[in-house]
Amino acid sequence: MKLLSCSVVQINSPYVEEYLKRSCSSQPNGSIVMMDLLWKYYEKVKNFGAAARILSKLSERESQPSDREQPELKLQQRVEYLSRAVMSAKSATVRTVTGAEGEFLHELEEKLEVPQYRQLTRHCM
């Protein structure tokens, strides 16, 4: 699957983005795999703002039944998505300086603090 995802992201076609977006929206909560491919595609084409928004959506997804068995892993995954979203948003604000992008970056940084504090408290207990 990893090889396939690398191949899809490397395709230079105007239809890749549409295909990935349609695949994400065709399922009730979006496909994690397709959303994962979509943010990677956006980073490849240097659309960092869009990548940050997809990563933010991924971090906000509800826990699945299998995630409840290992909540630490899910928390770690949320931190990873949010950290990547912050990096992408910072890259986007460097390229385009708008108030909305700056506000979105600030919002992401605040969202990232919450799971980081949760991780810290879990390690202290």
Side-chain angles (χ1 to χ4, degrees):
M1 183 65 172
K2 191 169 188 146
L3 181 62
L4 176 64
S5 65
C6 289
S7 299
V8 170
V9 172
Q10 297 300 320
I11 294 173
N12 190 14
S13 167
Y15 304 108
V16 173
E17 179 182 7
E18 261 323 297
Y19 168 74
L20 292 172
K21 284 169 51 175
R22 198 170 341 115
S23 296
C24 289
S25 63
S26 68
Q27 297 179 359
N29 291 324
S31 165
I32 293 175
V33 173
M34 294 312 251
M35 288 175 76
D36 202 50
L37 285 174
L38 185 57
W39 77 259
K40 289 175 183 173
Y41 172 78
Y42 281 139
E43 277 197 347
K44 180 191 175 285
V45 297
K46 297 184 182 354
N47 188 348
F48 299 112
R53 294 197 186 283
I54 297 295
L55 285 160
S56 179
K57 285 180 186 177
L58 281 166
S59 75
E60 295 169 355
R61 291 180 59 87
E62 293 295 318
S63 295
Q64 302 300 316
S66 61
D67 295 334
R68 290 189 185 111
E69 296 169 10
Q70 296 179 339
E72 184 64 33
L73 182 64
K74 183 63 177 174
L75 184 60
Q76 231 174 339
Q77 190 176 22
R78 285 181 194 264
V79 169
E80 183 180 328
Y81 282 139
L82 284 169
S83 297
R84 288 177 181 269
V86 167
M87 287 188 330
S88 290
K90 284 182 179 179
S91 296
T93 56
V94 167
R95 300 186 78 184
T96 60
V97 182
T98 65
E101 290 296 323
E103 189 175 318
F104 180 60
L105 172 60
H106 182 69
E107 181 183 313
L108 285 173
E109 289 172 332
E110 286 182 343
K111 282 183 186 179
L112 180 58
E113 287 177 5
V114 175
Q116 285 176 330
Y117 285 131
R118 285 182 63 194
Q119 278 185 324
L120 185 61
T121 15
R122 282 190 181 177
H123 290 294
C124 290
M125 296 178 126

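Values below: all heavy atoms of this structure, side chains included; hydrogens, waters and symmetry mates excluded. If you read the sequence from its start, that first residue is 1, and numbering goes on from there.
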[X] side chain near [Y] side chain, heavy-atom distance below 4.5 Å:
X      : Y     : answer
Lys40  : Lys44 : no
Glu109 : Lys90 : yes
Leu112 : Val79 : yes

Scan side-chain atoms only and decide if Glu60 and Tyr81 contain a donor-acceptor pair under the 3.5 Å cut-off.
->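 On atom types as modelled, these side chains do not qualify, holding no pair under 3.5 Å.
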Quick one: do [X] and [Y] end up in the same hydrophobic cluster if we chain Ile, Leu, Val, Met, Phe, Trp and Tyr together by side-chain heavy atoms under 4.5 Å apart?
X      : Y     : value
Phe104 : Met87 : no
Val16  : Tyr42 : yes
Val114 : Leu75 : no

[atom1]/[X] to [atom2]/[Y] distance, rounded to the nearest 0.5 angstrom?
X     : Y     : atom1 : atom2 : value
Ile32 : Lys57 : CD1   : NZ    : 14.0 Å
Ser83 : Gln76 : OG    : CD    : 11.0 Å
Cys24 : Ile54 : SG    : CD1   : 6.0 Å
Phe48 : Ser88 : CZ    : OG    : 7.0 Å
Met34 : Ser26 : CE    : OG    : 7.5 Å
Leu38 : Arg53 : CG    : CZ    : 13.5 Å

Between the side chain of Arg78 and the main-chain N/O of Arg61, is any donor-acceptor distance below 3.5 Å?
->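 Yes, Arg78 side chain to Arg61 backbone: donor-acceptor pair under 3.5 Å.
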Between Ser56 (side chain) and Ala52 (backbone), is there a donor-acceptor pair under 3.5 Å?
->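 Between the backbone of Ala52 and the side chain of Ser56 there is no qualifying donor-acceptor contact (under 3.5 Å).
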Where is the tightest heavy-atom contact between Met35 and Leu58, given as atom of each residue plus distance?
->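 Heavy-atom minimum between the residues: CB-CD2, 3.8 Å.
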Can you list the residues that meet the side chain to side chain donor-acceptor pair (under 3.5 Å) rule with Glu110, with sequence neighbours excluded?
->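 Side chain to side chain donor-acceptor pair (under 3.5 Å) check on Glu110 returns His106.
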